[in-house]
Structure formats: structure tokens, C-alpha cells
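Here is the structure we will look at.
From a predicted model like this one, the values you see are computed outputs, not experimental measurements.
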Amino acid sequence: QFLEVASQHRKLLELTVYNCDLAIRCTGLVEELVAEGCSAVKARYDKTNQELSELRLNVHKDHLEYFRMLYLTLGSLTYKKEKRLEEIDRSIRTTHIQLEFCIETFDPVAKKHSDQKKELYARRP
């Protein structure tokens, strides 16, 4: 009877050792699975991050190109506005001289020059 109990106990201990070995093996497999999953997620993250960096760079290049175009257009418009103001100021001076001359000579066209001068002042911002 002692041998029988010892044999049963031995079988139980062997089963426990087998279960422990199996648990260690399963734990190793789960660890490997998790590690592969993490490395796949990291690889996907790195790839997505690289694609986003390239996309961000392209968007910045597009915005820079558009900004340059707008900036050059603004410069051109500012230049044209300044030239137009100079032209209006020149016309105002010319009209003023003509008006003074007409007033001094009692020319009936003086009213026309006066109206033209008012119109030029109105066009000037």
C-alpha cells in the first residue's frame, strides 16, 4: 500500500512537473507572440510616422509656394499703387498750376480745372 501511495504521489508530482514545463513553454510562446505583435506595431508606427513626415513636408512646400506667389503679388500691387499715387499727385500739381494760371488770366476754363482737381483729390486715398 505504501508503494501504491508513493506511486500515485510520484505520478502526481510528474504531472505537476509536466504542467509546469508546459506552462513555461506556453508562457514563452505568449511572450514571443506579444514581442512580435509589439515589433509589428512599432514597425507600423515608424512607417506611418515617416509617411506623415513626408506628407507634412509636401504640405509645407505647397504652402510656401503659395505664400511666395501671394507675397510677390502683394509687392507688385504695392508698387502699382505707389506709382498710381505718384501719378495722381503729379496730376494734382499740374491741375493746380493750370488752375492758378487760369485764375490769373481770368480764363473761363478755370472751373473745369477746379472740378478736375476735386475729382483727383477724391480718387486719392
Under 4.0 Å between a Lys/Arg side-chain N and an Asp/Glu carboxylate O for Arg68 and Glu65?
-> no

Atom CD1 of Ile24 and atom CG of Leu29: how far apart are they, to the nearest 0.5 Å?
-> 12.0 Å

Pairs flagged by ring pair (Phe, Tyr, Trp, His ring centres under 6.0 Å) wherever residues 61-89 is involved - sequence neighbours left out = Phe67-Tyr71

Mind listing the side-chain donor-acceptor pairs of residues 38-45 below 3.5 Å, one per line with the distance, residues two or more places apart or on another chain?
unit_1: Ser39; atom_1: OG; unit_2: Ala35; atom_2: O; d: 3.3
unit_1: Ser39; atom_1: OG; unit_2: Glu36; atom_2: O; d: 2.9
unit_1: Lys42; atom_1: NZ; unit_2: Asp46; atom_2: OD2; d: 2.9

Looking at side-chain heavy atoms only, is the closest gap between Thr73 and Leu77 below 4.5 Å?
-> yes

Please, which pairs that meet ring pair (Phe, Tyr, Trp, His ring centres under 6.0 Å) have at least one residue in residues 1-37, sequence neighbours excluded?
-> none

Exceeds 12 heavy-atom contacts within 6.0 angstrom, atom CD of Glu54 = yes

For Glu51, side-chain hydrogen bond (donor to acceptor under 3.5 Å, both in side chains) partners two or more places apart | none

Quick one: CD1 on Ile97 to CD1 on Ile92, what's the gap to the nearest 0.5 Å?
-> 12.0 Å

Summary of salt bridge (Lys or Arg N to Asp or Glu O under 4.0 Å) pairs that have at least one residue in residues 10-32, sequence neighbours excluded | Arg10-Glu14

Mind checking the CD-CG spacing from Gln8 to Leu15? Nearest 0.5 Å is all I need.
-> 12.5 Å

In terms of heavy-atom contacts, Leu120 and Ile88 come closest through O-CG2, 3.8 Å

Is the side chain of Ser76 donor-acceptor paired with the backbone N or O of Leu72 at a distance under 3.5 Å, no angle test?
-> no

Taken in chain and number order and not counting sequence neighbours, the residues that satisfy side-chain hydrogen bond (donor to acceptor under 3.5 Å, both in side chains) with Glu87 are Arg84

Atom pair NE2 (His60) and CG (Leu55), whose distance is rounded to the nearest 0.5 Å | 10.0 Å

CG (Leu22) and OG1 (Thr27) are apart, to the nearest 0.5 Å, by 9.0 Å

